[in-house]
There are 2 protein chains.
Amino acid sequence: MPRRRITQTDVAAMAGVSQATVSFVLNGSTPAGVRISEETRQRVLDAIRITGYTANPAAQRLAGGLAQILGVFTYEATFPRASRDFYGPFLTGIEHAAERLGVDILLFTSAPVADGRRRLTREGWQRLGVADGCLLLGQHEHRGELQHLLDTNYPFVFIGKRGSDGGRLPYVGADYVGGTVRQIDRLVAHGHRRIGYVGLRGTDQPTLDRVEGYRTAMKTHGLTTRFVELEDVAATADEILDQRFTAVVVAPENHPEELADELERRGRSVPGDVSVLLLGQPHHPRRGGRDWSGFSVPREEMGARALYLLSRLVADDEPRRDRDGRRPAAVTDAELHQVLVCPDVAGATVAAAAPGPDAP
Amino acid sequence: MPRRRITQTDVAAMAGVSQATVSFVLNGSTPAGVRISEETRQRVLDAIRITGYTANPAAQRLAGGLAQILGVFTYEATFPRASRDFYGPFLTGIEHAAERLGVDILLFTSAPVADGRRRLTREGWQRLGVADGCLLLGQHEHRGELQHLLDTNYPFVFIGKRGSDGGRLPYVGADYVGGTVRQIDRLVAHGHRRIGYVGLRGTDQPTLDRVEGYRTAMKTHGLTTRFVELEDVAATADEILDQRFTAVVVAPENHPEELADELERRGRSVPGDVSVLLLGQPHHPRRGGRDWSGFSVPREEMGARALYLLSRLVADDEPRRDRDGRRPAAVTDAELHQVLVCPDVAGATVAAAAPGPDAP
DNA sequence: TCAATCAGATGATGCGCATTATTAGCAACC
DNA sequence: GGTTGCTAATAATGCGCATCATCTGATTGA
């Protein structure tokens, strides 16, 4: 086992060439009129094989190359793991993809927290530089920081749809709209007509998309949209009964478990009297919690797809060719904004509508 | 927003000093006979504050400094989060500690897998270098690789006790011995006398420790140790009844859930007829699974403590002082090998022994 | 008065790599 | 025979930082 690390210079010496030649061979060469004969190339490759040379990522990065390190930054105040039920799956997907890509993952756990959200400023900028590109997680992004990333042409990909910014931000999101539409379809197929939307107004993308999906689907079926502002769970339960809903859709962050409890406390059964569909997975799966019907967000896949996309963007940035001298195909606009299907979850909180006043 | 990154040279220019001076100020200076006046120091610090300068980790690392990056390597074939019930909590703890320390975490997801376990060789060595030190996870470490780490004096810490290697390997483990002893104590306190150990023979540390704990405790109480080799769950259930055990202890990887099912299928209740104590948490918590009694492994804390220890080791390696000119205290032997208490879990699978032939 | 000491800093160097500019050798052409 | 053109490579440079060796000017000691 060698004491000192093996460098390109060592390899060069063994192959009887210059360090530069080794670098060219490793990078598929040909930046400008540089040519390496096939024979020399082979000699270098042999030397690399024999010595077991591997590039020092720090040096690569410093010299303006790629380090095969991709970063993960989050805007949440505490690193995603803490809210592990929600963020864990993203990271699992990211790690799987990283293994496939042969890339290391750098978690920016050091970024300072200000105003309850993590910032990229100051400390952040430089640290980002160790990674070839970065995945961005969490709702509360900071516009100025994003602008800087765009300005400096630093490759990044959002996890979660970003509609706000006219197509400049690459992202991999989930199709909350489509998922919600299908839930309404489902309810209608079960004979429901009075279907309420329970939730908080919000400007976050998932909420906007759920509302849009609800609106669209209700309109399609010629039904009236009815929103119930969630303030107090008990009050909301009363309202649901007052309005004689036979079904409601609700986002997972809006305490569906407690809501169902309240309904049952009022002598109604879920789904016997009221069907409840969840627009996403439960955030904090309770021991012995209900088996919710609704749709699920493909979080692992989102993580993985985001990393793949990021790696493509990084490759695009680097004007380097593969060994056939061709550049990989450029990233298309379609790739830049991916929205993944949210599969339906059968569950046990949906049933046929009780025949009510609106029944035929 | 500056286009080009701010370097020490920029800061130096602003403060009217040389780049070297800036570096000295940042590192608490004084490598050899170098002195910086308080006034100059302040000027440099001001310039840093104004420019918002931050060190480029790649450059720091290349120049032999610290990058404030700590690595996580695993010997498992797939990266830990994938088997997230077991490994997830370690990473949670690690991330929390990283936030506290202001350090980024590098996951070595790129390390190649050979023979079903991940290796550090070739690819690995150089990549490790980006991090100031590294946490090691998983059972199947490779001796040669460890030796190399020791030889090159690369700072690392194992998560999980490492007894095999006479105190040369730093680790943060869990006290399986003590935890197991207490479970036996618990059973004895409940009047149990015929207490079996169900499990597979294994040479992994946790298994060795559980067996040791069982042996010790049984001896202390003057009871006979009885091991049931787990081959087939059904056969094991039969054996438990044959031997008229009133209680068994079992490791979580040995299918406790199925075992209890088998017992109940035979008309025995858990814990009514047979108490079952789990020596650790369930590996794959089942929906609606039993509420196991036993002990839990403080995995998050292990992760966090391991990272703290690693950071101390790294600091120790670097002959650098803090701003008062003192070196932090060296790592003691006690710190080098930490074993954390495994708290008891009350649970619902333990009850008083049914009066049997051994009863008074 | 001249050497010795010391505070306070700076210049130069190298870490390992990517990349640009340059060179050496040789065949072809006028 | 000199110039052009081409292939095949190398020398040199810089990325940003840590660090070693060195330098300057002031103060002290004899």
Side-chain angles (χ1 to χ4, degrees), chain A residues 2 4-13 15-44 48 51 53-68 125-127 129-130 132 317-321, chain B residues 2 4-13 15-44 48 51 53-68 125-127 129-130 132 317-321:
Chain A
R4 202 175 56 80
R5 311 248 254 246
I6 293 163
T7 71
Q8 288 191 351
T9 309
D10 299 328
V11 174
V17 297
S18 70
Q19 174 263 319
T21 303
V22 175
S23 178
F24 291 141
V25 168
L26 281 167
N27 294 336
S29 77
T30 62
V34 173
R35 358 215 80 218
I36 308 287
S37 70
E38 185 53 30
E39 191 214 315
T40 304
R41 225 177 75 84
Q42 281 309 329
R43 241 177 326 125
V44 170
I48 289 175
T51 54
Y53 165 83
T54 325
N56 176 331
Q60 286 185 116
R61 217 35 209 158
L62 189 60
L66 299 180
Q68 305 300 340
W125 297 126
Q126 290 276 24
R127 306 207 127 257
V130 205
D132 304 331
D317 260 29
E318 212 68 358
R320 203 174 290 147
R321 302 106 235 277
Chain B
R4 201 175 56 80
R5 311 247 256 244
I6 293 162
T7 72
Q8 288 191 351
T9 309
D10 299 329
V11 173
V17 297
S18 71
Q19 175 263 319
T21 302
V22 175
S23 178
F24 291 141
V25 168
L26 280 167
N27 295 337
S29 77
T30 61
V34 173
R35 0 214 78 220
I36 308 287
S37 70
E38 185 53 29
E39 190 214 315
T40 304
R41 226 177 74 84
Q42 280 310 328
R43 244 180 321 128
V44 170
I48 289 175
T51 55
Y53 165 83
T54 324
N56 175 331
Q60 287 185 117
R61 217 35 209 159
L62 190 60
L66 299 181
Q68 306 299 341
W125 296 125
Q126 289 277 23
R127 306 207 129 258
V130 206
D132 304 331
D317 260 28
E318 213 67 0
R320 204 173 289 147
R321 303 106 236 277

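Chain identifiers are assigned alphabetically (A, B, ...) following the order of the sequence lines, protein sequences preceding nucleic acid strands; residue numbering begins at 1 within each chain. What you see below is based on every heavy atom in this structure, not just the backbone, and it leaves out hydrogens, waters and symmetry mates.
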Does a side-chain N or O from [X] land closer than 4.0 Å to OP1 or OP2 of [N], or not?
X: A/S23; N: C/dA18; answer: yes
X: A/N56; N: C/dC17; answer: no
X: A/S18; N: D/dT10; answer: yes
X: B/Q19; N: D/dG16; answer: no
X: A/Q60; N: C/dG16; answer: no
X: B/Q126; N: C/dG16; answer: no
X: A/T40; N: D/dA9; answer: yes
X: A/S37; N: D/dA9; answer: yes

Can you tell me how far apart [atom1] ([X]) and [atom2] ([Y]) are? Round to the nearest 0.5 Å.
X: B/T21; Y: B/I36; atom1: OG1; atom2: CD1; answer: 4.5 Å
X: B/Y53; Y: B/I48; atom1: OH; atom2: CD1; answer: 7.5 Å
X: A/Q68; Y: A/T54; atom1: CD; atom2: OG1; answer: 12.0 Å

Can you check side-chain contact (heavy atoms from CB on, under 4.5 Å) on A/T7 and A/N56, steps first, answer last? CA-CA 8 Å; A/T7 71; A/N56 176 331; over 6 Å; no
Spacing between [X] atom [atom1] and [N] atom [atom2], to the nearest angstrom:
X: B/Q8; N: D/dC15; atom1: CD; atom2: C1'; value: 13 Å
X: A/R35; N: D/dA8; atom1: CZ; atom2: P; value: 7 Å
X: B/Q42; N: C/dA9; atom1: CD; atom2: P; value: 13 Å
X: B/E39; N: C/dA9; atom1: CD; atom2: C1'; value: 13 Å
X: A/I6; N: C/dC17; atom1: CD1; atom2: C1'; value: 16 Å
X: A/F24; N: C/dA21; atom1: CZ; atom2: P; value: 12 Å
X: A/R41; N: D/dA9; atom1: CZ; atom2: P; value: 12 Å
X: B/E38; N: C/dA9; atom1: CD; atom2: P; value: 11 Å

Residue pair B/L62 / A/A58: nearest heavy atoms and the distance that separates them: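 Looking at all heavy atoms of both residues, the closest pair is N-CB, 4.5 Å.
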Touch check for B/A55, heavy atoms < 4.0 angstrom, all strands: base, sugar-phosphate only, or nothing?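 Since only primed, P, OP1 and OP2 atoms lie under 4.0 Å of B/A55, the category is sugar-phosphate.
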Base, sugar-phosphate, or nothing: which does A/V17 touch, judged by heavy atoms less than 4.0 Å apart?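 It contacts sugar-phosphate atoms only.
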Comparing B/R43 and A/T21 on DNA chain C - which has the more 5′ nearest nucleotide: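 So the residue in question is B/R43.
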Can you tell which of [options] lies closest to the side chain of [X]?
X: B/V34; options: C/dT10, C/dG16, D/dT10; result: C/dT10
X: B/L62; options: D/dG16, D/dC20, D/dT10; result: D/dG16
X: B/A20; options: C/dG16, D/dT19, D/dC17; result: D/dT19

Test side-chain contact (heavy atoms from CB on, under 4.5 Å) on A/V17 and A/V25 and set out the steps. CA-CA 11 Å; A/V17 297; A/V25 168; over 6 Å; no
Taking it one step at a time, do A/L66 and A/R61 satisfy side-chain contact (heavy atoms from CB on, under 4.5 Å)? CA-CA 6 Å; A/L66 299 180; A/R61 217 35 209 158; 3.9 Å; yes
Five pairs per end, C1' atoms only: what is the angle between the end axes of the helix from C/dT1-D/dA30 to C/dC30-D/dG1, to 10 degrees?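 Result, rounded to 10 degrees: 80°.
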Looking at B/V34, B/V44, B/T40, which hits side-chain contact (heavy atoms from CB on, under 4.5 Å) with B/F24?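 It is B/V34, the one option of B/V34, B/V44, B/T40 that forms the side-chain contact (heavy atoms from CB on, under 4.5 Å) with B/F24.
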